[in-house]
Amino acid sequence: MPAQWEYQVGPCEGIDASDQLWLSRYLLLRIAEEFGVQVSFDPKPMVGEWNGAGCHVNFSTKKMREPNGIETINEAIKLLQTQHIAHIKRYGRNNERRLTGRHETANINICTTGVANRYASIRIPRQVSDDKCGYLEDRRPASNCDPYDVTDALVRTILLGEKGSITKIDETEDVTNGKPNV
């Protein structure tokens with residue numbers, strides 16, 4: 001693999017982040033096409049000792065950003081840990097090749113958390129820990145995830161407190177390489 005590119009979308013509110021990510025993927029594919037470059041959204045398109053490609057999600061609510069919001073962040077993390085497997089199922093195909101517990105990734109089978117820990121499933125940035133407010137970073141989504149699925153799972157788990165009902169509804173689309181799965 002000649003190169004790996006990382007970029008960020010946002011800050012955006014709610015579902016707008018998903019819209020922006022799809023638009024950015026479209027633009028990336030069209031620009032790459034103009035230059036004869038092939039793009040893959042596969043989380044680990046080549047076997048080897050490297051970390052692969054994720055789609056880390058920074059998530060916050062107003063309460064998380066207010067003074068002592070770290071308590072709300074910790075409550076959210078506990079909720080996410082109870083729904084780990086349901087989230088993993090919605091966080092992209094072939095993610096097990098990336099989430100090995102090595103190369104700055106968490107183990108796909110357990111949901112871990114930590115401050116400034118690049119091996120954690122859900123990371124609390126150092127500044128957030130110091131300020132006692134801010135956001136959490138869900139490091140589990142794969143680069144080929146459907147951002148609407150990820151947003152839906154986060155909202156259902158953290159904001160609505162749903163359990164067991166956050167499974168993916170439509171499995172007809174595979175965003176790997178941007179092609180429908182038909």
Side-chain angles (χ1 to χ4, degrees), residues 1-10 17-18 21 25 39-60 64 70-130 132 134-158 161-168 171 173-178 181:
M1 182 166 73
Q4 183 176 4
W5 188 41
E6 177 179 322
Y7 64 97
Q8 294 187 10
V9 174
S18 300
L21 181 56
R25 286 174 174 174
V39 173
S40 172
F41 295 112
D42 189 291
K44 200 153 186 181
M46 297 182 71
V47 177
E49 295 298 314
W50 63 292
N51 57 359
C55 184
H56 302 172
V57 177
N58 295 339
F59 181 91
S60 70
M64 290 177 182
I70 195 73
E71 291 178 8
T72 304
I73 292 169
N74 287 328
E75 290 169 11
I77 291 171
K78 287 178 187 172
L79 291 170
L80 290 170
Q81 288 175 319
T82 68
Q83 298 299 305
H84 176 66
I85 299 302
H87 279 243
I88 288 296
K89 288 178 180 178
R90 296 184 71 180
Y91 278 10
R93 294 177 189 244
N94 301 315
N95 211 6
E96 69 281 353
R97 291 182 300 170
R98 180 179 75 91
L99 296 179
T100 62
R102 298 188 323 269
H103 313 296
E104 298 183 337
T105 67
N107 183 310
I108 196 167
N109 297 307
I110 56 174
C111 185
T112 59
T113 186
V115 174
N117 182 348
R118 297 179 66 86
Y119 287 87
S121 306
I122 302 166
R123 179 168 67 170
I124 299 172
R126 171 76 57 212
Q127 191 66 47
V128 171
S129 177
D130 292 346
K132 305 285 187 240
Y135 63 95
L136 61 85
E137 177 188 9
D138 191 342
R139 299 172 55 81
R140 300 172 296 171
S143 53
N144 64 359
C145 71
D146 180 334
Y148 297 105
D149 271 341
V150 174
T151 301
D152 182 65
L154 289 168
V155 168
R156 287 179 183 275
T157 300
I158 296 172
E162 291 186 12
K163 295 182 171 115
S165 63
I166 63 166
T167 56
K168 187 172 181 177
E171 301 241 355
E173 189 167 350
D174 175 4
V175 295
T176 305
N177 295 321
N181 181 22

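All residue numbers in this chain count up from 1 along the given sequence.
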- Message: Assess the residue pair Leu99 and Asn107 against the criterion (side chain to side chain contact (heavy atoms under 4.5 Å, CB included)); give the C-alpha distance rounded to whole Å, side-chain angles, the decisive distance to 0.1 Å, and a yes or no.
- Response: CA-CA 5 Å; Leu99 296 179; Asn107 183 310; over 6 Å; no
Reported [atom1]-to-[atom2] distance for the pair [X] and [Y], which is rounded to 0.5 angstrom:
| X | Y | atom1 | atom2 | value |
| --- | --- | --- | --- | --- |
| Asn51 | Glu104 | CG | CD | 6.0 Å |
| Leu154 | Gln83 | CG | CD | 11.5 Å |
| Ile73 | Glu71 | CD1 | CD | 10.5 Å |
| Leu21 | Cys55 | CG | SG | 5.0 Å |
| His84 | Cys111 | NE2 | SG | 5.5 Å |
| Asn95 | Thr105 | CG | OG1 | 9.0 Å |

Taking every non-hydrogen atom, the tightest pair across [X] and [Y]:
| X | Y | value |
| --- | --- | --- |
| Arg139 | Ala120 | CD-O, 3.4 Å |
| Val9 | Tyr7 | CG2-CE1, 4.0 Å |
| Val115 | Ser129 | CG1-CB, 3.6 Å |
| Cys145 | Pro147 | O-CD, 3.3 Å |

- Item | Donor-acceptor side-chain pairing of His87 and Thr157 below 3.5 angstrom |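 Checked: His87/Thr157 side chains pair up, N/O donor to acceptor below 3.5 Å.
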- Task: Report yes if some heavy atom in the side chain of Arg123 is under 4.5 Å from a heavy atom in the side chain of Thr113; otherwise report no.
- Result: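 Answer no - side chains too far apart.
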Is any NZ, NE, NH1 or NH2 atom of the basic residue among [X] and [Y] found under 4.0 Å from an Asp or Glu carboxylate oxygen of the other?
| X | Y | answer |
| --- | --- | --- |
| Asp42 | Arg97 | yes |
| Arg102 | Glu49 | yes |
| Asp130 | Arg126 | no |

Quick one: does [X]'s side chain have a donor or acceptor within less than 3.5 Å of a partner on [Y]'s backbone?
| X | Y | value |
| --- | --- | --- |
| Thr82 | Leu79 | yes |
| Asn74 | Ile70 | yes |
| Gln4 | Gly52 | yes |
| Glu137 | Asn58 | no |
| Ser121 | Thr112 | yes |
| Lys44 | Trp50 | yes |
| Ser143 | Ala53 | yes |

- Who pairs with Arg98 by salt bridge (charged side-chain N to carboxylate O under 4.0 Å, His left out), at least two apart in sequence or on another chain?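 Arg98 satisfies salt bridge (charged side-chain N to carboxylate O under 4.0 Å, His left out) with no other residue.
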- Item | side chain to side chain contact (heavy atoms under 4.5 Å, CB included) assessment of Arg140 paired with Leu80 | CA-CA 11 Å; Arg140 300 172 296 171; Leu80 290 170; 4.1 Å; yes
- Message: Walk me through whether Phe59 and Asp138 qualify under side chain to side chain contact (heavy atoms under 4.5 Å, CB included).
- Response: CA-CA 8 Å; Phe59 181 91; Asp138 191 342; over 6 Å; no
- Carefully, step by step, assess Val128 and Tyr135 under the rule side chain to side chain contact (heavy atoms under 4.5 Å, CB included). CA-CA 7 Å; Val128 171; Tyr135 63 95; 3.9 Å; yes
